Amino acid sequence: MDSTATASLASLWDEVSGTQPDPDLWVVIATLGAALAVVIPHGLWRISRNAITIAHEGGHGLVALLTGRTLTGIRLHSDTSGLTVSRGKPHGIGMILTAAAGYTAPPLLGLGGASLLGSGRITLLLWLATALLLTMLVMIRNAYGALTMIVTGGLFVLVSWLAGPQVQAAFAYAVVWFLLIGGVRPAFELQAKRARGGAGDSDADQLSRLTHVPAGLWFFLFHAVSLCSLIGGGRWLLET
């Protein structure tokens, strides 16, 4: 019995850590088109942006933990906004990195995902994403956020466990394209909202207060990270 379980675990590890065949180029192009179709139209973006908010708030939460802060909870709202609360020093490098992680998290996650897909590790990408989503679910503190995480995490679980290799590949490429493309739009939207006199306590404003660096330079950082990630990640995906 023990030897059977050990063999099963070894087989599972080989599957997760191993490589899978690259999808056909038409699949890569089709998933790119699908990502553009849910990011560009305003109506669909209002729905799909919830997934970017998950990555955004998850970025805040992960960096808060990595810098020694205490993560107390994450909230996701139906208007696609979110809130991550952590305890610790209200200033210093930990707080700065935590505040900067939100708008940079989706494109950087997309870049990391593109790197994994470029090396043929489709299964590893899906399992890592599933693990991150399930871990984040534990920290959600409102009903809408919990429902959003359960639906999103459940979709990843179903695809990871039940779908065939071709469906898994198409899903993984669609997710990564979405993070890369969808990661560009929020910073532009926030900048436009601030220009109209709104969003006075945005991440860029908090970073400006923490560092005494103008908010405009933080927006430059957000744009640079998202656009460079899109270009670099897109090249990796299209070269597979």
Side-chain angles (χ1 to χ4, degrees), residues 12-39 48-49 51-67 97-98 100-136 152-153 155-157 159-161 163-187 220-240:
L12 180 61
W13 172 250
D14 289 340
E15 180 182 353
V16 172
S17 62
T19 60
Q20 292 76 42
D22 294 331
D24 295 333
L25 180 59
W26 73 265
V27 174
V28 179
I29 300 299
T31 53
L32 168 59
L36 289 169
V38 298
V39 170
S48 64
R49 197 182 192 280
I52 295 296
T53 302
I54 291 173
H56 179 114
E57 300 303 331
H60 283 312
L62 178 60
V63 174
L65 291 173
L66 291 176
T67 55
L97 292 176
T98 298
Y103 282 93
T104 56
L108 289 177
L109 286 172
L111 183 63
S115 176
L116 288 175
L117 294 181
S119 60
R121 288 176 167 79
I122 297 171
T123 302
L124 179 60
L125 169 67
L126 293 175
W127 279 55
L128 284 175
T130 302
L132 288 172
L133 288 168
L134 294 178
T135 302
M136 186 175 170
T152 306
L155 179 60
F156 272 83
V157 169
V159 172
S160 300
W161 282 93
Q166 292 181 342
V167 174
Q168 288 186 356
F171 180 76
Y173 273 77
V175 168
V176 171
W177 275 124
F178 174 74
L179 288 171
L180 290 172
I181 298 170
V184 173
R185 185 167 176 175
F220 176 81
L221 172 67
F222 297 159
H223 293 319
V225 169
S226 62
L227 292 172
C228 289
S229 296
L230 174 58
I231 294 170
R235 287 187 61 186
W236 276 333
L237 295 179
L238 292 171
E239 289 174 358
T240 58

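What you see is a predicted model, and the numbers here were worked out from it, not measured in a lab. Computed over heavy atoms, backbone and side chain alike; hydrogens, waters and symmetry mates excluded.
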Which atom names give the shortest non-hydrogen contact between [X] and [Y], and what distance separates them?
X    : Y    : answer
G59  : A105 : CA-CB, 3.7 Å
L125 : V176 : CD2-CG2, 3.8 Å
L25  : L238 : CD1-O, 4.2 Å
F171 : L126 : CD2-CD2, 3.7 Å
I122 : A172 : CG2-CB, 4.0 Å

Verify, without hydrogens or angle tests, whether [X] (side chain) and [Y] (backbone) share a donor-acceptor contact under 3.5 angstrom.
X    : Y    : value
R121 : Q20  : no
S115 : L111 : no
Q168 : V159 : yes

Check your understanding: With H60, which residues qualify under ring-ring contact (aromatic ring centres under 6.0 Å, His included), at least two apart?
Key -> H56
Partners of [X] by side chain to side chain contact (heavy atoms under 4.5 Å, CB included), sequence neighbours excluded?
X    : answer
T130 : L134, F156, V157, S160
L62  : L66
A55  : P106, L109, L179
I231 : none

Kindly compute the distance separating [atom1] ([X]) from [atom2] ([Y]), expressed to the nearest 0.5 Å.
X    : Y    : atom1 : atom2 : value
T31  : W177 : OG1   : CH2   : 7.0 Å
R49  : R185 : CZ    : CZ    : 8.5 Å
I54  : L132 : CD1   : CG    : 12.0 Å
W236 : L116 : CH2   : CG    : 9.5 Å
F178 : L36  : CZ    : CG    : 11.5 Å
L117 : D22  : CG    : CG    : 9.0 Å

Review point. Are the side chains of L230 and P107 in touch, meaning some heavy atoms are under 4.5 Å apart?
Key: no
Review point. Side chains of T123 and T19: closer than 4.5 Å at any heavy-atom pair?
Key: no
Point to revise | Contact list for residues 222-231, test side chain to side chain donor-acceptor pair (under 3.5 Å), sequence neighbours left out | key: Q191-H223
